[in-house]
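Numbered from 1 within each chain, the chains take letters A, B, ... in sequence-line order. In this text, all values refer to a predicted model and were calculated from it rather than measured experimentally.
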Amino acid sequence: MTTVSIPDVMRILPELILAGFAILVMLFEPFVPAGRKRVLGWIALLGVLVAGMAFTWAPPNAGMAFSGSIAADGFSYFFIFLFLTIAALALLGSINYLERDNIHHAEYYALILFSTVGMCFMAASAELIMIFLGLEISSLSTYVLAGFRRHDPRSNESAMKYFLLGSFATAFFLYGIAFVYGLTGTTNLVDLAADLAQPGKWSTLTRAALILMFVGLAFKVSTVPFQIWTPDVYQGAPAPVTAFLSTGPKAAAFAVLVRIFLGLAGPSGPAAFWVIWISAALTMTVGNFAALLQKNVKRMLAYSAIAHAGYVLVGLAAAMASGSTEGASAVLFYLAAYAFMNVGAFLLIAHLAGPGEGRTEISDFTGLGRAAPGAAACLTVFMLSLSGIPSTAGFFAKFYVFRASVHAGLIGLTIIAVLNSVVSVYYYLNLVVTMYMREGEPQAARTPMPLPLYSAIAASLFAIFYLGLYPNHFLLLSTLSSKPLP
Amino acid sequence: MLERIWLIPLLPALGAAFQFFFGRKVKKSVVSLVSVGLPGVSFAWAIGCFFALLGRPEHLFTKVLYDWWPVGAFHLSSGAMGNLNVHVGFLLDPLSAVMMLVVTGVGFIIHVYSIGYMAHEGGYYRFFGYMNLFMFSMLVLVLSDNFLMMFVGWEGVGLCSYLLIGFFFHRRSASDAGKKAFVVNRIGDAAFLLGMMLIVVTFGTVNFQAVTEAARSGHYPILDPTITAICILLFIGAIGKSAQIPLYVWLPDAMEGPTPVSALIHAATMVTAGVYMVSRANALFMLAPAAMALVAGIGAATAFFAATIAITQNDIKRVLAYSTISQLGYMFTACGVGAFAAGIFHLMSHAFFKALLFLAAGSVIHALSGEQDMRKMGGLREKIPVTYWTYLIAALAISGIPPLSGFVSKDEILWQSYAGPHGHLVLWVAGWVTAGLTALYMFRQIYMTFHGTSRVEPEVEHHIHESPRSMLAALVTLAGLSVIGGFIGWPDLLGGSDRLGHFLDPVFENPVPVALKNYSAGREFDLMFLSVLIACTGIYVAYRIYVRRPEVADRVAKSFGPGYEILLNKYYVDELYDALFVNRVKNIGNAASGFDQYVVDGGVNGVGWTTRLTANLSRLWDLYVIDGAVNVAAFFTKLMSYPARVIQTGLVQSYAWLIVLGVLIFMGYYLVHF
């Protein structure tokens with residue numbers, strides 16, 4: 001029988017605070033008049049900030065908690081901070097969006113917080129059941145969020161597809177966990193690693209279990225061939241939700257992938273590595289090439305999100321091949337850099353798409369450079385960063401991943417990755433060219449950015465340039481954060 | 001003071017940021033206050049830093065701000081391990097100090113001038129935003145302590161140059177000129193980048209001091225092939241930026257930009273970046289005599305060639321553009337014969353008088369409501385006297401009339417190209433003849449513009465007015481500098497002590513002997529006399545032709561016939577490049593874009609997909625074989641994206657099947673391979 005101790009509780013303090021605030025938002029919702037719902041948005045944001053500050057209040061409390069099911073270490077702290085940042089940016093970018101489109105219900109804020117709690121548990125857990133619970137908490141919230149524009153068929157379609165296929169994929173993950181438990185008698189990753197490290201412990205079934213778990217997570221990070229839902233869902237979901245969806249849950253699933261694959265698959269020989277290698281190559285290539293033909297901005301960015309998952313997998317492959325922390329730290333760096341540019345881009349598009357998100361075709365952005373120079377300039381920076389132009393975060397993210405993979409001897413994969421990033425420049429710059437060099441009147445909204453959104457965009461831009469001009473601090477942070485990994 | 005040297009580039013950057021964010025909303029007076037004030041403070045700070053530097057016994061100051069690219073350990077080409085850690089840092093030594101003062105000083109003056117000149121133009125804030133951004137980039141270029149950061153500034157000034165040439169973007173010729181400058185510069189930049197990469201793998205560092213130290217250590221022999229390659233690549237970079245043969249074609253077209261831009265970027269500062277870069281890498285060049293000979297040869301050839309074109313041009317700014325190319329040629333000649341200090345000296349005095357010429361030309365254009373054709377000028381002397389007198393001073397300076405600055409610095413170059421360690425009589429003759437041509441085309445310009453009878457269009461005539469005070473102040477200040485600028489490098493022969501040369505000496509102190517060939521002082525005096533003589537001859541010829549008997553000009557032109565035509569058409573180099581490169585590239589581009597469209601259309605119909613693909617492929621083959629240069633990559637790219645679109649049906653059931661398929665494939669693969 002386990003007992004709950006104070007240090008244990010302190011180790012999940014951020015999650016507890018988030019959940020508490022989420023419940024608070026739900027409780028207050030009936031008492032807040034319809035026109036004042038944004039107060040609840042600010043409360044949710046306050047919750048995120050308080051959760052972030054919980055780290056500084058609590059004494060240094062790294063270690064295992066709740067009988068080894070929670071691993072409070074640098075790795076989980078890194079991700080929790082990342083999720084909190086993403087949540088804060090998404091909240092800031094949502095407030096005016098919800099008001100504009102008359103879907104201002106406070107559940108939105110609560111769901112964002114709940115989803116963040118789930119993601120935090122995914123990253124901070126060393127126990128497969130706990131990871132699964134985190135995955136479900138996070139997923140169920142996002143299913144609802146994807147359909148939040150409930151009078152919009154596209155949004156309904158998005159939620160339905162995401163829910164059906166998500167449940168389908170999660171079943172694989174759960175199936176894998178069941179196999180693992182049946183074979184080894186434990187679901188704790190530390191025990192499991194110790195158990196599987198003994199010679200002869202790997203059987204066909206353990207391998208199958210590993211693949212099943214991989215599939216469940218690969219769905220969340222949308223790697224080929226499990227990416228198929230991504231464009232439809234990202235396009236249909238409200239753009240601020242897409243901003244959240246394409247960064248938070250993706251990073252959380254990567255955190256689990258890194259923990260499982262670096263922790264367990266090491267002894268299983270090179271085959272697990274090749275699964276990652278092939279996934280990486282396929283994902284980058286399919287994502288980038290499919291993005292080339294897109295006419296819709298959200299859809300284009302959805303394919304771009306797929307491609308970026310491929311780059312992160314390159315980092316994971318490097319980490320598996322070399323065993324050094326360079327690969328893992330590159331993965332962490334990449335996920336953070338990617339979060340800033342993608343959240344920024346989607347939030348900005350949410351604004352530019354106008355009421356009802358009617359303007360999301362690339363052609364709607366024609367001539368925006370003259371009509372709304374500020375917004376166009378910001379969007380240009382996001383595109384440049386996504387394509388990896390130097391002096392932006394995207395450049396160093398790619399640079400560190402490629403460097404790690406070269407050092408790990410993965411020359412072939414690096415070449416594929418570099419060629420892919422050359423291809424990607426085409427469609428990112430296409431948007432920039434459309435905004436600045438095509439003649440025409442933009443259809444996109446030209447209303448000035450509201451202050452909350454403005455601050456979210458400004459924060460993203462700051463982060464992009466900070467990481468792009470002065471990457472050392474952050475690289476050090478991501479290197480330290482990947483130290484707890486084997 | 002020195003510890004905060006980063007303020008010097010930062011202040012103009014803040015100005016640019018201000019214009020970018022708020023420029024459109026604030027009043028013009030605020031725009032000018034911010035954008036002229038900040039470079040002004042920057043200039044003051046630069047002066048402070050200069051005196052602080054003088055106070056240091058070794059005349060050297062370095063400041064590392066932070067680590068920028070911690071690349072880490074890697075193998076050098078020699079097999080040894082290198083550890084590359086590029087930082088953002090500043091190097092202030094005599095060379096960068098001179099550049100810093102020129103850039104901030106002349107830059108500030110031109111900013112002041114622009115207040116008046118741009119007053120009636122649209123996009124006032126945009127102009128000043130770009131100008132400030134340029135100042136920032138240029139200062140990063142000259143103050144950085146390593147090649148990589150210098151390259152950032154190098155690209156930055158290129159970008160600003162592009163933006164400012166195309167400032168009047170609604171004019172087709174202006175935006176074309178901007179593009180031309182950008183594309184031509186890319187060629188040089190690529191070479192610079194390659195040279196820098198070679199430096200990294202050879203020396204394991206990009207820090208100026210470290211590279212210089214390694215080059216002077218005696219470890220590398222003279223004529224070392226790698227170093228020669230580095231030098232040639234760096235020099236190609238300089239050719240692009242400083243508009244030398246064969247990459248000079250963009251500079252005359254760059255005159256489409258507003259005149260203050262021509263003065264600041266295309267005369268005084270940016271185009272001299274190549275000279276600065278070669279001087280900065282002097283330790284490498286001293287190890288590569290072959291590259292030095294190339295530098296000197298290209299420089300002298302460009303000086304002569306551009307001067308001949310300048311004689312026949314009728315656009316007041318184009319004459320000055322070719323003159324700039326020619327004067328840059330002088331500077332490279334100096335670098336090529338190992339007289340880097342003389343090159344930098346001429347860079348400085350040229351910055352004064354050429355900026356003045358442009359600004360005065362701007363004042364003329366301003367007075368004539370935008371007229372730039374010298375055939376429609378004349379007799380302006382009395383109407384705009386301040387402009388006339390300052391123009392005259394600058395023209396005398398560039399022609400090399402003692403004791404003006406141009407005389408001192410040009411004569412130093414001529415002497416060094418004759419008597420320097422790498423000097424040669426041919427170089428001197430080229431420079432000497434060019435000096436005569438310079439005087440000729442300058443005074444042709446003076447006489448056509450300011451003397452004789454007025455050929456100004458009647459409706460323009462009564463608008464003629466002297467420029468506002470802010471512009472005249474800039475002219476007078478620069479005129480003063482053009483007069484006295486020479487005295488800081490006054491040669492020993494004439495009782496001076498060449499203080500600038502001695503100040504710069506530590507930067508150019510190479511173990512390789514640089515002693516002059518053994519000539520007597522009398523020889524130097526003779527040459528000096530000859531160069532003054534040819535300058536006076538040039539002026540006299542111009543006077544004879546364009547003042548005394550204007551009708552002679554046409555007769556001379558006719559009697560030279562085809563020769564004159566060739567000069568007037570700038571040796572047809574633009575046409576040659578069009579035929580050789582530009583049209584080829586355009587054809588390839590057209591073929592590729594036509595092709596893209598075909599392929600895209602072909603893909604719309606999903607039913608006939610396979611058939612059409614075959615058709616596309618065969619068509620691809622046809623086109624490929626016939627044209628021989630079709631852009632295959634674009635086609636391949638589009639082709640690759642079809643399968644993804646075919647799978648993306650939108651049906652959840654098929655998506656689920658795909659996932660199952662993926663599971664099976666991965667599991668099958670993983671289970672089989674262990």
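The side-chain heavy atoms of A:L429 and A:V432, taken from C-beta on, include a pair separated by under 4.5 Å.
For the options A:L475, A:V215, A:N288, A:D232, heavy-atom pairs under 4.5 Å to chain B are most numerous at A:D232.
Proximity of the aromatic rings of A:F333 and A:F396 is defined here by a centroid distance below 6.0 angstrom, and this criterion is not met.
Only the side chain of A:P373 comes within contact range of chain B, with heavy atoms under 4.5 Å apart. Looking at A:A377, only its side chain comes within 4.5 Å of chain B, counting heavy atoms on both sides.
When the salt bridge (Lys or Arg N to Asp or Glu O under 4.0 Å) test is applied to A:R446, the partners found at least two apart in sequence or on another chain are A:E441. Remark: B:R171 engages B:E256 in a salt bridge (Lys or Arg N to Asp or Glu O under 4.0 Å) (not counting sequence neighbours).
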